[in-house]
Amino acid sequence: MPVITLPDGAERRFDEAVTGFDVAESISKSLAKKALAIRLDGELFDLDHTIEDDARLEVVTRTDEDGLDLIRHDAAHLLAQAVKNLFPETQVTIGPVIEDGFYYDFSRKTPFSTEDFEAIEAEMKRLVDEDLPTRREVVSRDEAAKRFEAQGEHYKAEIVRDLPEGEEIKVYHHGDWYDLCRGPHLPSTKHIGKAFKLMKLAGAYWRGDSRNEMLHRIYGTAWSNEKDLKAHLHRLEEAERRDHRKLAREMDLFHLQEEAQGSVFWHPKGYVMWRALEDYLRRRLDDDGYAEVKTPQLLDQKLWEASGHWGKYAQNMFVVPDAVPDTESGGPLFPEGVDDARLLAIKPMNCPAHVQIFRQGTKSYRDLPLRMSEFGCCHRNEPTGALHGIMRVRQFTQDDAHIFCRWDQIVAETQKFCDLASSVYRDLGFEDVRIALATRPEQRIGSDEEWDRMESALGEALTSAGLDYDVLEGEGAFYAPKLEYHLRDAIGRSWQCGTLQLDPLLPERLDASYVDEDGAKKRPVMLHRAIFGSMERFLGILIEDAAGRLPLWLSPVQVVVATITTDANGYAEEAAEALRKAGLRVETDLRNEKVGYKVREHSAAKVPVIAVVGGREAEERQVSIRRLGSKQSVTMSLDEAAAELCNEATPPDLRSK
RNA sequence: GCCGCUGUAGCUCAGUGGUAGAGCGCACCCUUGGUAAGGGUGAGGCCGAGAGUUCAAUUCUCUCCAGCGGCACCA
């Protein structure tokens, strides 16, 4: 005699076991029609699931978040069914729901082509129209494995065999087609609707392991209605419009070319941005007690062996023989071969070099904490497939620093760093910042007591800094836990930028020590930390976040003085000079073009302020200020404009608050 | 590194088994125009690199390189 409690607290009594559909129907006919599934005591079930005991029940419809996931899940199955109908030789594997949609991985000899999408989508829509009802069947493990094997679905059979013992094995039928699935599913294919679209093709390894076969993945997006689908496609266009590579061309910030794969050519305008950002952070670090250093690019193999990087990362390092190449004989560059004892590596990170500075002279506990920072240019030989614009490059500059401290200083130092990082992100307009604490991984060194101590130190620091954080179980480094900062940008994408990593290992390996109060030599702990991560990547994020419309203090060109007629040229030069004197980055546009044309061009180049001058302005010593994105212009005196813009162009840390 | 797609003028992109086209940009001329495109003329291309098929390859095939989208990786 189940008693069903509805979300509003109302209770319904039934004389016998009922299905989710019965409950929905007892509420209203229209709800029964819209119902996709039910949530019983928090867990999702098929609509025809039989309820025998008392439970809290919610009816899931397509407007719920759960409903949308169900639609996407069914769309993935629908995709598999359509593909099997059209290409029977294909083997199906898995097809989960992901953000904004779903994918399905297939195994087959010949790859799909995006030209197949049209036919597949048409078949999917046909199956929706057929309104195939969902039928659930529970089968034994052997039966399921046998069935899939018999059909040549070896991947499915493998999945069945790997399911944990005791798990109920369910097969869902839609017409002739069936698939292994934990469910739940919509009542029939009609409920999926047609607001879906196949998006792209990609390769993906079976079970995410690069030693396995590469499968063919089809990505799709699915929504509860046509309008949401359109909005999603529009967002994608928006993201494309913001692409930092595209904006960099339009704004003349930087370029990349084959001869320097994965390294950036910063143009004057891009480098102005870089400098503004670097100068800003340098001031912040100076204020926070960091001492800036500069360390060598080329360091001997021996040092990398000692630090442990050689063993683990040699393949990702650029290694340079310290030998004179033979360019005369036409033979091999190094005819004698390369002597292992004379190999140098371009640094992939700064920490071993920082330890070398720490090791100079004797350090006392009085010197700790010692905060050593560097805008350190590093090189890593990233796999070609990983390179992406300036977001993932082979040469990058870390806003790196290492804090050498005692164990009892970890909490205070972490807290200090968190305060700084939060303040920097706020200054740069990132309000939505998530912090994650990555804890002990399975493969690790050190005792559980040490891990307890390290994890609680970081947690305590976050708590006392008043910060919420997520815990990423098992994601820490093998020697210590770490913090990660994730920033959400203007269109909702998340970027991991800042990090703080506790490291007791490197001081040990590179023999860094200090003399403590009691006169004993002790090991300091190192905190590796960065706020931007990489200058290149962070600038890319800033560009995309702002869609090129950077805040005035970061804009490469802050003001363009544009003339209406050549008669105003003299005054335009004078006005530009006055603005430059006020500390602004100013260009003039004296070309023989109409002012509308000039406005269009500079607006496209994302220049934040256009100061238009014509005969009237020249006479009155005024400028007509037009802001990027505004259709109106404001005329004011040159002095007034200089003062206002100069104030606005002040970096956030120098502004009087 | 793996899978797929792409590579034609500075940029965005058409196109063809008989060595090329548009728009924008650029140069020059006319125009001096009040807030997102005034008009004209002109220059500009080893059709990513190499090999093969062919009388003939930018076009077809193969290899390589790079870019793009994913996967794997990211100290």
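Sequence lines set the chain letters: A, B, ... in the order given, protein chains first and strands last, and positions in each chain run from 1.
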Contact class for [X] (heavy atom, under 4.0 Å): base, sugar-phosphate, or nothing?
| X | value |
| --- | --- |
| A:Val595 | sugar-phosphate |
| A:His528 | nothing |
| A:Asp209 | nothing |
| A:Arg394 | nothing |
| A:Pro111 | sugar-phosphate |
| A:Gly615 | base |
| A:Gly533 | nothing |
| A:Glu259 | nothing |
| A:Ser210 | sugar-phosphate |
| A:Gly596 | sugar-phosphate |
| A:Thr563 | nothing |

Please confirm whether the shortest side-chain N or O distance from [X] to OP1 or OP2 of [N] is below 4.0 Å.
| X | N | answer |
| --- | --- | --- |
| A:Thr384 | B:G1 | yes |
| A:Arg249 | B:C24 | no |
| A:Arg211 | B:C2 | no |
| A:Arg626 | B:A36 | yes |
| A:Lys200 | B:G70 | yes |
| A:Tyr597 | B:G25 | yes |
| A:His388 | B:G69 | yes |
| A:Tyr219 | B:C71 | yes |

Choosing from [options], which nucleotide comes nearest the side chain of [X]?
| X | options | answer |
| --- | --- | --- |
| A:Ala202 | B:G69, B:C2, B:U35 | B:G69 |
| A:Met214 | B:G34, B:C3, B:G4 | B:C3 |
| A:Glu258 | B:C74, B:A66, B:C3 | B:A66 |
| A:Leu628 | B:A36, B:A75, B:G34 | B:A36 |
| A:Pro383 | B:C73, B:A75, B:U32 | B:C73 |
| A:Met317 | B:A72, B:U32, B:A75 | B:A75 |
| A:Tyr205 | B:A72, B:G38, B:A75 | B:A72 |
| A:Arg616 | B:G34, B:C73, B:A75 | B:G34 |
| A:Ala204 | B:U35, B:C71, B:C65 | B:C71 |

Between A:Cys351 and A:Gln257, which residue's closest nucleotide on RNA chain B lies nearer the 5′ terminus?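 Taking each residue's closest nucleotide, the earlier one in sequence belongs to A:Gln257.
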Quick one: on RNA chain B, does A:Arg600 or A:Gln261 contact a more 5' nucleotide (nearest heavy atom)?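 Per heavy-atom nearest nucleotide, the more 5' residue is A:Arg600.
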[N] pairs with which nucleotide, Watson-Crick or G-U wobble, both distances below 3.5 Å?
| N | result |
| --- | --- |
| B:C11 | B:G23 |
| B:A66 | B:U6 |
| B:G52 | B:C60 |
| B:U32 | none |
| B:C71 | B:G1 |
| B:A43 | none |

Sticking with atom [atom1], work out how far [N] lies from [M], rounded to a whole angstrom.
| N | M | atom1 | result |
| --- | --- | --- | --- |
| B:C46 | B:U53 | P | 26 Å |
| B:U32 | B:G38 | P | 14 Å |
| B:C5 | B:U63 | P | 13 Å |
| B:G34 | B:U16 | C1' | 49 Å |
| B:G42 | B:C64 | C1' | 39 Å |
| B:G25 | B:A20 | P | 26 Å |
| B:U19 | B:C47 | P | 13 Å |
| B:G15 | B:C74 | C1' | 42 Å |

[X] [atom1] - [N] [atom2] separation (whole Å):
| X | N | atom1 | atom2 | value |
| --- | --- | --- | --- | --- |
| A:His602 | B:G25 | NE2 | C1' | 14 Å |
| A:Met349 | B:C74 | CE | C1' | 11 Å |
| A:Glu240 | B:U12 | CD | C1' | 13 Å |
| A:Met391 | B:G67 | CE | P | 16 Å |
| A:Asp589 | B:U32 | CG | P | 18 Å |
| A:Asn569 | B:U32 | CG | C1' | 10 Å |
| A:Gln315 | B:A72 | CD | C1' | 14 Å |
| A:Arg444 | B:A75 | CZ | C1' | 20 Å |

A:Ile218 CD1 to A:Asp105 CG distance, which is reported to the nearest 0.5 Å: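 Output value for this atom pair is 9.5 Å.
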Locate the shortest heavy-atom distance separating A:Ala618 from A:Tyr571; write the atom from each residue and the value.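 In this case the closest contact between A:Ala618 and A:Tyr571 is CA-CD2, 3.5 Å.
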Give me the atom names and distance for the closest heavy-atom approach of A:Phe375 to A:Lys294.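 Where A:Phe375 meets A:Lys294 most closely, the heavy atoms are O-NZ, 2.9 Å.
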Quick one: do the [X] and [Y] side chains pair a donor with an acceptor below 3.5 Å?
| X | Y | result |
| --- | --- | --- |
| A:Arg108 | A:Thr90 | yes |
| A:Tyr479 | A:Gln501 | yes |
| A:Thr295 | A:Lys347 | yes |

A:Glu259, CD: over 12 other non-hydrogen atoms inside 6.0 angstrom: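 Yes, enclosed.
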For a 4.5 angstrom cut-off between non-hydrogen side-chain atoms, does A:Tyr104 reach A:Val83?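 No, every pair of side-chain atoms sits at 4.5 Å or beyond.
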Could you tell me whether A:Arg217 sits above the aromatic face of A:Tyr103, with NZ or CZ closer than 6.0 angstrom to the six-membered ring centre and within 45 degrees of the axis?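 Pair A:Arg217/A:Tyr103 counts as cation-pi.
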Quick one: does any side-chain atom of A:Asp252 pair with a main-chain N or O of A:Phe254 as donor and acceptor, under 3.5 Å?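 Side chain of A:Asp252 to backbone of A:Phe254: no pair is present.
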Tell me if the side-chain of A:Arg392 makes a donor-acceptor pair with the base of B:C74, cut-off 3.5 Å, by modelled atom types.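 By the distance-only test, yes, there is a pair.
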